[in-house]
Each structure stands twice: as structure tokens, then as C-alpha cells.
Participant: 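Structure below; questions to follow.
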Amino acid sequence: MGYLQQFIFFILVALPFMFISPTHSSLANGKVNTLPPTNTSDKVTLALYYETLCPYCADFITNDLVKVFLSDLYTIVNLKLVPWGNADILGDEPHCQHGEDECYLNTIHSCVIYYWPDVKKHFDFIRCTEQQSSKKPLVKNRAAMWKQCSEKLGMSAHRINKCYTSGYGLKLLLQYANETAKLKPPHEYVPWVVVDNQPLKDDFENFVKYVCEAYKGDHKPEACKTQAANVSSTHDKMANRIHPGCYASNNVTKAQSHIKPKKVHLSLYYESLCPYCRSFIVSQLVKVFNTDLLNIINLRLVPWGNAQYVKPNKTIICQHGEDECYLNTIHACAISIWPDPRKHFNFIYCIENQGLPIKDNQHSDGMEAVWKACSARSGMDQKLIKDCYDSGYGRKASFFNMKLDVHNQLDLNSSITQQFSLLLQYATETDHLYPKHLYVPWVTVNNQPLYDKYEDFITYVCNAYKDKDLVRACLSNSLKVTEEKFSRSPDATDATVAYTYQLLYVYRLQESPHSL
């Protein structure tokens with residue numbers, strides 16, 4: 001009986017401690033830190049619309065959005081992840097911007113969010129898979145990518161896989177498609193971050209500021225107290241630069257898809273060290289990526305300009321010297337390796353935005369440092385670019401020392417010839433322009449030159465497109481183009497003057513002692 005009395009006494013003493021909520025206490029350095037409870041109605045809704053294989057989404061999730069859980073910000077946030085992004089529905093099937101693997105992984109994410117609704121739980125899984133997707137080299141087995149993460153986090157891979165194979169994951173995914181389609185205003189790119197239904201657009205990396213401003217509760221978390229009081233929007237800073245994101249392709253309904261107008265061909269013929277080309281790329285052409293204009297155009301960049309190839313001397317002559325020939329080649333390599341204009345334009349924009357100085361008759365080490373820094377910033381493997389240049393595209397190897405067949409024609413089976421054709425195709429394309437270019441930048445819309453009206457290229461693109469109502473950039477742009485005789489730009493360099501000027505800068509390719 002005495003033992004029973006002692007047991008009852010022990011239970012009575014311990015009982016109050018059994019009702020302490022573990023969600024409002026944490027143990028740090030041996031001390032209990034109690035967090036004030038947050039009223040659910042006071043929480044701020046933070047939504048991320050993303051796609052699984054967009055590198056900008058992966059970067060934002062792994063390096064920025066994780067801050068929600070690395071601080072006490074999660075106490076005031078309802079975080080919602082929507083894995084659809086720029087995908088479309090054609091027929092009854094989703095078609096994703098980065099191919100079938102992205103649709104597969106979007107569905108896997110949908111399943112995990114459904115079966116593990118605890119946001120910290122499914123966020124850890126999503127962050128883990130995004131880290132895997134950004135690794136070099138990419139994990140080739142798409143199932144292995146997420147199964148490593150499910151195993152690490154103790155989540156049933158069988159349950160996730162069954163969700164996918166049963167078709168239930170697709171139903172979940174299509175719900176996210178519907179939610180994304182109802183966004184107002186519509187998303188322009190991903191990652192697309194929304195705070196209490198207000199899109200942050202290009203200021204999405206500064207989401208903590210907006211969450212803290214939107215919170216109306218009594219208990220400000222430490223994350224908000226340490227937030228800089230005067231964090232200005234980056235909108236003005238980014239007005240003339242490409243936004244870091246995967247841009248939406250033309251969003252048309254199923255009924256419209258079979259009558260979708262043809263895209264407009266927009267071409268820029270330029271050279272890398274021309275100050276007028278630089279100004280146009282950095283201040284004007286970037287507008288293609290800062291609006292939805294990319295949805296209706298096929299953009300082509302041709303880095304040759306006023307350069308000339310002198311066959312007898314096996315010489316390329318560039319208007320602004322050896323450095324320009326070097327950078328023209330670097331641009332050509334990037335365009336070839338990453339044909340997506342969003343990718344190679346970001347790289348070219350970065351280089352042109354540096355305002356590189358021109359050094360006559362010498363190769364500037366600064367040129368190499370600049371493009372390497374831009375490749376790192378753009379997530380492009382600089383080794384691929386360097387190998388492209390060293391292997392025969394550039395000055396370190398003679399791609400003019402080529403094999404000829406019995407008819408003294410280029411041997412198209414020669415690897416050297418194939419490398420040579422990459423750079424020289426831009427020369428050929430530029431030389432065959434009709435009418436011939438008079439200066440650079442030389443802009444054409446559907447093969448029609450704009451002459452000195454090139455800065456007004458958006459108007460001409462919109463006039464050439466057959467359904468302007470689908471394009472916000474066209475609706476906001478004046479579409480009145482007067483029929484007038486084009487005049488030459490006062491900054492133009494005509495062919496005769498250009499060639500005379502070019503003769504001062506000879507870029508002679510040294511023959512390589514080794515075969516390629």
C-alpha cells in the first residue's frame with residue numbers, strides 16, 4: 001500500500017510537466033527558450049510557384065527560401081509550394097519546360113506535399129532533390145535523385161512511387177496547374193514568389209522583408225527584428241538587366257493551341273566590342289527577357305559584325321582588334337553549347353555589361369577573367385567554353401589548316417572542319433544579308449532590316465505577330481509605325497570605312513603543331 005501511495009504522489013508531481021507543448025519550446029545550450037504562440041489568422045501566406053529543373057528555382061529554394069526554417073520566421077508564415085511553373089497541358093498530358101524528367105519530378109513533389117503535409121517535412125525533401133538536380137554532373141537516373149532524399153529523410157519511397165504509378169500524382173499535379181493558371185497577375189517566370197497574394201516579381205530574393213511588413217501580429221520574430229529597416233526594392237536596379245529566372249513560354253488555351261501564330265524572327269548582327277552594340281544589348285534587347293515578348297519571338301544572336309575573313313592569308317580581321325575576335329569566338333561557343341537564348345543571352349549580357357576597355361594589338365587577360373566570371377554567375381561550365389575555344393574555334397589552334405578533298409573542297413567529315421564551320425557560319429550568314437548590313441548593331445525582323453529604327457524593335461516585332469492580344473508587351477507598346485524612308489544612323493560605320501579601319505587590326509591565327 002505504501003508503494004501505491006508513493007506512485008500516486010509521483011504521478012501528481014509529474015502531471016503538470018506532461019502538458020507543456022513541445023512546439024513552443026526548444027533546447028539550446030542547455031536552456032529552454034519559449035516562443036510565443038502565433039495566432040493562425042495572423043500568419044502571412046508565402047507561396048512559391050516553381051518547377052523542379054529550373055536552375056533559378058533550385059538556387060532560390062536551396063539558398064534563400066531555406067531561411068524560413070533557419071530562423072524563427074516559420075512562426076509567422078504559412079508556406080505553400082506549387083510545383084508546376086511554366087508547364088502546359090496539351091491534350092490531357094502535361095508538357096514541361098525542361099522535358100519529361102521535369103514533369104516526372106514535379107509529380108513526385110506533388111505526391112510528397114500531399115502525403116507529408118507538414119511543411120518542414122516536405123520542404124526538406126524538396127530542398128534535397130533541388131540540391132541533387134543542381135549537382136554537376138546531373139544525376140542521370142531521375143528516380144535515384146529523389147530516392148536518395150526519401151531514404152535520408154525516412155520517407156517511404158514505395159508510397160511515393162505508388163502515388164506516381166497509380167496516376168494519383170498526375171491528378172495532384174493538375175490541381176497545381178489550375179492554381180498556377182488562376183494567378184492574377186499571371187506569372188512571368190519562375191521562381192514566382194507571392195506574399196499574401198501580391199507577387200514580388202524580380203524582388204523575390206528579398207521575400208523576408210515583405211513577409212515582415214505583411215505580418216500584423218503582436219510577436220515579431222527575431223528574423224524581422226534583424227531585418228534591415230530600409231531595404232529598398234531592387235526593381236529600379238534591375239530595370240535594365242535580365243531577371244534571374246526561367247521564363248514562361250507562350251500560354252495559350254487548348255482551344256487556341258492549334259491556331260497558335262508563328263513566332264517572329266528577331267536577329268541581331270553584332271560584334272563584341274562595339275560600344276553601340278553593347279548599349280543596345282544592355283539597355284534595349286534585354287527588354288525581350290524583362291517582358292513576355294520572348295513568348296512570340298525566335299531570337300538569334302550573330303557575333304561577327306564588321307569582321308572579315310581573308311582567305312589567302314588565313315586571317316580574320318576584326319574592327320576592334322584581337323580582343324574582339326577572341327570574344328566573338330567565346331560568344332559563338334556559348335551560343336553553340338547553350339542554344340537556349342535565355343541561357344546564352346544572360347552570359348553575353350553579363351560580358352557586354354562590363355564595359356570592357358579596348359586594347360589595341362594585344363590580348364587582354366582581363367577579357368578572359370570577365371567571361372569566366374560571367375560563366376560562373378550564369379551557371380555555365382567555363383571548361384566547356386574554354387575547350388571549345390582551345391580546340392579549334394580560336395587563336396590557339398589553326399582551324400584553317402583543314403583537310404581538303406580531291407576537288408579542293410572542305411572535308412565535312414573532318415572534326416576541324418566542323419569546328420571551323422561554327423564560327424564561319426556567322427561570317428557567311430552576315431555576308432549573305434540582303435540588303436547588306438551597313439553598320440552594327442544591325443537588327444532584322446523576319447529578315448527585314450530596321451536600319452536606324454532598331455531601338456524600336458518591339459514595335460516591329462508586335463506588328464509582325466498575328467495575335468497581339470496574347471502579348472502584354474505588345475499591348476503596352478505603341479504599334480503605330482510610319483512608312484518613311486530609313487536614314488542611316490549617325491553612329492554607323494559603312495562597309496568601306498569599316499574595312500579600312502579593320503586593316504589596322506589583324507588577327508592572324510597561329511597554326512597548331514598538334515592535330516585536333
Side-chain angles (χ1 to χ4, degrees), residues 16-17 19-50 56-83 113 116-128 130-131 134 153 183 185 187-239 241 243-245 377:
F17 296 97
F19 291 94
I20 296 176
S21 172
T23 59
H24 294 126
S25 64
S26 61
L27 192 63
N29 300 322
K31 298 180 180 180
V32 176
N33 299 323
T34 303
L35 299 176
T38 300
N39 191 328
T40 304
S41 62
D42 290 334
K43 285 193 172 185
V44 178
T45 300
L46 172 64
L48 169 65
Y49 297 81
Y50 73 103
Y56 304 103
C57 294
D59 180 70
F60 177 71
I61 290 170
T62 58
N63 297 316
D64 294 294
L65 193 59
V66 69
K67 295 173 185 175
V68 169
F69 301 100
L70 296 180
S71 66
D72 57 350
L73 194 67
Y74 73 93
T75 62
I76 65 166
V77 165
N78 282 322
L79 179 62
K80 183 173 181 61
L81 302 173
V82 183
I113 293 169
W116 287 272
D118 184 303
V119 67
K120 181 64 171 65
K121 188 75 173 176
H122 64 245
F123 177 82
D124 283 346
F125 175 86
I126 289 168
R127 182 172 181 243
C128 177
E130 291 302 290
Q131 287 173 326
S134 59
L153 297 168
L183 278 170
H187 80 289
E188 298 170 17
Y189 46 83
V190 289
W192 189 254
V193 181
V194 176
V195 172
D196 280 351
N197 297 318
Q198 296 300 312
L200 305 190
K201 298 192 175 182
D202 55 309
D203 207 17
F204 61 86
E205 291 181 345
N206 203 18
F207 73 93
V208 175
K209 168 200 168 187
Y210 292 94
V211 167
C212 293
E213 287 179 350
Y215 180 62
K216 306 304 180 187
D218 297 330
H219 302 287
K220 285 278 185 183
E222 288 299 320
C224 292
K225 294 176 182 177
T226 57
Q227 175 75 14
N230 298 313
V231 181
S232 61
S233 171
T234 59
H235 180 74
D236 293 335
K237 300 176 187 177
M238 298 188 70
R241 55 174 288 203
H243 298 161
R377 190 177 308 167

Participant: Rounded to the nearest 0.5 Å, how far apart are CD of Glu205 and CG of Asn63?
Facilitator: 9.5 Å
Participant: Please lay out, stage by stage, how Asn197 and Thr45 fare under the test side-chain contact (heavy atoms from CB on, under 4.5 Å).
Facilitator: CA-CA 8 Å; Asn197 297 318; Thr45 300; 5.9 Å; no
Participant: Classify the angle between the aromatic ring planes of Phe204 and Phe60 as parallel (below 30°), tilted (30 to 60°) or perpendicular (above 60°).
Facilitator: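 Ring orientation of Phe204 relative to Phe60: perpendicular.
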Participant: About how many Å separate NZ of Lys209 and CG of Asp203, when rounded to the nearest 0.5 Å?
Facilitator: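 Answer for the CG-NZ pair, Asp203 versus Lys209, is 6.0 Å.
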Participant: Would a 4.5 Å heavy-atom cut-off, applied to side chains only, mark Ile126 and Pro83 as touching?
Facilitator: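 Counting from C-beta outward, Ile126 and Pro83 never come under 4.5 Å.
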Participant: Measure the spacing between CG of Asp124 and CH2 of Trp116 and express it to the nearest 0.5 Å.
Facilitator: 13.0 Å
Participant: Hey, what do you get for OH (Tyr49) to CG (Leu183), rounding to the nearest 0.5 Å?
Facilitator: 4.5 Å
Participant: Show, in sequence, the C-alpha distance, side-chain angles and deciding distance for Leu73 and Phe207, and conclude whether the side-chain contact (heavy atoms from CB on, under 4.5 Å) test is met.
Facilitator: CA-CA 11 Å; Leu73 194 67; Phe207 73 93; 4.2 Å; yes
Participant: Would you indicate whether the side-chain heavy atoms of Phe69 and Val119 approach each other to under 4.5 Å?
Facilitator: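 Answer yes - side chains close enough.
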Participant: Under a 4.0 Å N-O cut-off, is there an ion pair linking Lys67 with Asp64?
Facilitator: yes
Participant: Are Arg127 and Glu130 close enough for a salt bridge, meaning some N to O gap below 4.0 Å?
Facilitator: no
Participant: When you measure from the side chain of Asn78 to the backbone of Val44, do you find a donor-acceptor pair of N or O atoms at a distance under 3.5 Å?
Facilitator: no
Participant: If we only count heavy atoms from C-beta on, is the Leu200 to Val195 side-chain gap below 4.5 Å?
Facilitator: yes
Participant: Determine whether Ser71 and Pro221 make a side-chain contact, defined as any pair of heavy atoms from C-beta on separated by less than 4.5 Å.
Facilitator: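 No, side chains not in contact.
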Participant: Give a yes or no on whether the backbone of Tyr215 and the side-chain of Asp42 come within a donor-acceptor separation of less than 3.5 Å.
Facilitator: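 Checking the backbone N and O of Tyr215 against the side chain of Asp42, no donor-acceptor pair under 3.5 Å is found.
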Participant: Is the backbone of Lys121 close enough, under 3.5 Å, to the side chain of Asp118 for a donor and an acceptor to pair up by distance?
Facilitator: yes
Participant: Would you name the heavy atoms of Val208 and Ala223 that are closest together and state the gap between them?
Facilitator: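 The answer is CG1-O, 4.4 Å.
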Participant: Mind checking whether Leu65 and Val193 have side chains closer than 4.5 Å, heavy atoms only?
Facilitator: no
Participant: CG/Leu81 to CG/Leu46 distance, rounded to the nearest 0.5 angstrom?
Facilitator: 8.5 Å
Participant: Would you check if the side chain of Asp72 reaches a backbone N or O of Glu222 as a donor-acceptor pair within less than 3.5 Å?
Facilitator: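 Pair found, side chain donor or acceptor close to backbone of Glu222.
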Participant: Under the side-chain contact (heavy atoms from CB on, under 4.5 Å) rule, what do Phe123 and Ile61 come out as? Steps first, then yes or no, please.
Facilitator: CA-CA 9 Å; Phe123 177 82; Ile61 290 170; 4.0 Å; yes
Participant: Please report the interatomic distance CH2(Trp192) to CG(Asp202), rounded to the nearest 0.5 Å.
Facilitator: 8.5 Å
Participant: Do Tyr210 and Asp196 touch side chain to side chain, with heavy atoms closer than 4.5 Å?
Facilitator: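 Side-chain contact under 4.5 Å: no.
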Participant: Do you know the tightest heavy-atom contact between Pro191 and Cys57?
Facilitator: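 Shortest heavy-atom separation between Pro191 and Cys57 comes out as N-SG, 3.6 Å.
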Participant: Would you find a donor on one side and an acceptor on the other, under 3.5 Å apart, between the side chain of Lys220 and the backbone of Cys212?
Facilitator: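 Indeed, once roles are kept as given, a pair shorter than 3.5 Å links the two residues.
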